[in-house]
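Below, chains carry the letters A, B, ... as their sequence lines are ordered, and counting in each starts from 1. Because the structure is predicted, anything quoted here is derived from the model rather than measured.
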Amino acid sequence: MRHPSFIARTILVQNNDVEAACRILNRILGREGILEQFRRTRFYEKPYQFRRRINFEKCKAIYNEDMDRRIQFILKKNRKEPFPGCT
Amino acid sequence: MGSFRKILINEYTHNKINLRNISVTTRQCREVDDRKEMYRSLPTMDEGTAGEKAADIDALINQKGDVFPDADTPNRLFKGVAFKELPVFNIRVTPNNTILCLTDAKGSPQLIRSCGSPQLIRSCGIEGFKNTKKGTNIAAQATAISVGIRALEKGVKTVRVRVRGLGPGRMSAIKGLQMSGLDIVSITDSTRVSWNPPRPRKARKL
């Protein structure tokens, strides 16, 4: 079995703290995109909606990648030139 | 958008002129002329997915690895019963209702021959909540408390919880079970999600 029940998507409750366990479970489901897929497949997505969504996601991924690179550049330590562009 | 005005107030006090700037923003009177706009302005429905986008939980998850089950978990003892032998509380959550059903470890409903009901299965509708009131977190919690007390009367103290679906009752039903005095060992999500589903029904027109 690939996803045995009560092993997959399961959180053990610690110290009777149910809410924390729920939050962890929800966070993991949200991070893995399971909730997103569930919400999206409740109703049929028309082809134009699909196209628009895919295009938007592509643009967003490109933007995020570039922004991450910029942030990493700014956060970089031990640069030879500490303030690039400010000479 | 509120208009932005500046009022200048002149104060004459003993040949001195004090100028004060007071900025006044008009109240944002939103004119809802479109139905879509109206739906957008409504508060989003609680789906019981608190913490879905909370990034601060990530560190917490990495910290404690013991919240996740492993290969030995099915045989681990909880109050003298193996994890795999524990009875299961199945909670079916929809936007309009919450149904709770107690089953044994194999999945067959535990038989209760009292009150004329064949098994321990209760929904918010059975519990006395009607129409839109069924799909609220309060209804889910009340139902969970009453069903939990019935389970305790039957002698079930330690349970696993399996939740399916999203809705307002998702978290509050689990909370209600805990409030009724049941000892919840684990929470499992079994929402049916497919990445190549059959064609779903057409989208709602709002």
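Residue with the most contacts toward chain A among B:Val193, B:Leu177, B:Ile57, B:Ile187: B:Ile187 (heavy-atom pairs, distance under 4.5 Å). Options B:Lys202, B:Met171, B:Arg199 differ in how many heavy-atom pairs under 4.5 Å they form with chain A, and the most are formed by B:Arg199. Counting heavy-atom pairs under 4.5 Å between each of B:Pro74, B:Ala203, B:Pro197 and chain A puts B:Ala203 at the top. Your options are B:Gly51, B:Pro200, B:Gly165, B:Ala54, and the one with the most heavy-atom pairs under 4.5 Å with chain A is B:Pro200.
By the 6.0 Å and 45° rule, B:Arg160 stacks over the aromatic ring of A:Phe6.
Counting heavy atoms from C-beta outward, A:Cys22 and B:Arg170 have side chains that stay 4.5 Å or more apart. No side-chain heavy atom of A:Thr10 sits less than 4.5 Å from a side-chain heavy atom of B:Arg162. A:Ile34 has its side chain out of reach of B:Thr191: every pair of non-hydrogen atoms, C-beta onward, lies at least 4.5 Å apart. Inter-residue side-chain proximity for B:Arg201 and A:Tyr44 is flagged as unmet; no heavy-atom pair is nearer than 4.5 Å.
Proximity to chain A (any heavy atom under 4.5 Å) is shown, for B:Asp66, by both the backbone and the side chain. With a 4.5 angstrom heavy-atom cutoff, A:Leu25 touches chain B only via side-chain atoms. Using a 4.5 Å cut-off between heavy atoms, A:Arg40 makes no contact with chain B at all. Only the backbone of A:Ala8 comes within less than 4.5 Å of a heavy atom of chain B; no side-chain atom from C-beta onward does. If you measure heavy-atom distances from B:Leu166 to chain A, the contacts under 4.5 Å come from both the backbone and the side chain. Neither the backbone nor the side chain of B:Val163 has a heavy atom closer than 4.5 Å to any heavy atom of chain A. Of the atoms belonging to B:Thr49, heavy atoms from both backbone and side chain fall under 4.5 Å from chain A.
With rounding to the nearest 0.5 Å, the separation of CZ in A:Arg27 from CG in B:Asp58 is 4.0 Å. Annotation: the span from B:Phe83 atom CZ to A:Leu12 atom CG amounts to 5.5 Å, rounded to 0.5 Å.
Side-chain N or O atoms of B:Asp189 include none that pairs as donor or acceptor with a backbone N or O of A:Leu29 at under 3.5 Å. Not a single donor-acceptor pair under 3.5 Å links the side chain of B:Arg204 to the backbone N or O of A:Phe43. With hydrogens and angles disregarded, a donor-acceptor distance shorter than 3.5 Å links the side chain of B:Gln178 to the backbone of A:Asn16. Checking side-chain atoms of A:Glu19 against main-chain N and O of B:Lys175 turns up no donor-acceptor pair under 3.5 Å.
Using a 4.0 Å cut-off between charged nitrogen and carboxylate oxygen, B:Glu47 and A:Arg39 count as a salt-bridge pair.
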**Request:** Please assess A:Ile7 against B:Phe68 for the test side-chain contact (heavy atoms from CB on, under 4.5 Å), listing each intermediate value before the final yes or no.
**Result:** CA-CA 8 Å; A:Ile7 298 269; B:Phe68 301 110; over 6 Å; no
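In the displayed structure, A:Asn15 atom CG is contacted under 6.0 Å by at most 12 heavy atoms of other residues, nucleotides or ligands. The 12-atom threshold is exceeded at CD1 of B:Ile149, counting heavy atoms of other residues, nucleotides or ligands nearer than 6.0 Å. Counting heavy-atom neighbours within 6.0 Å of A:Arg52 CZ, excluding the residue itself, gives a total of 12 or less.
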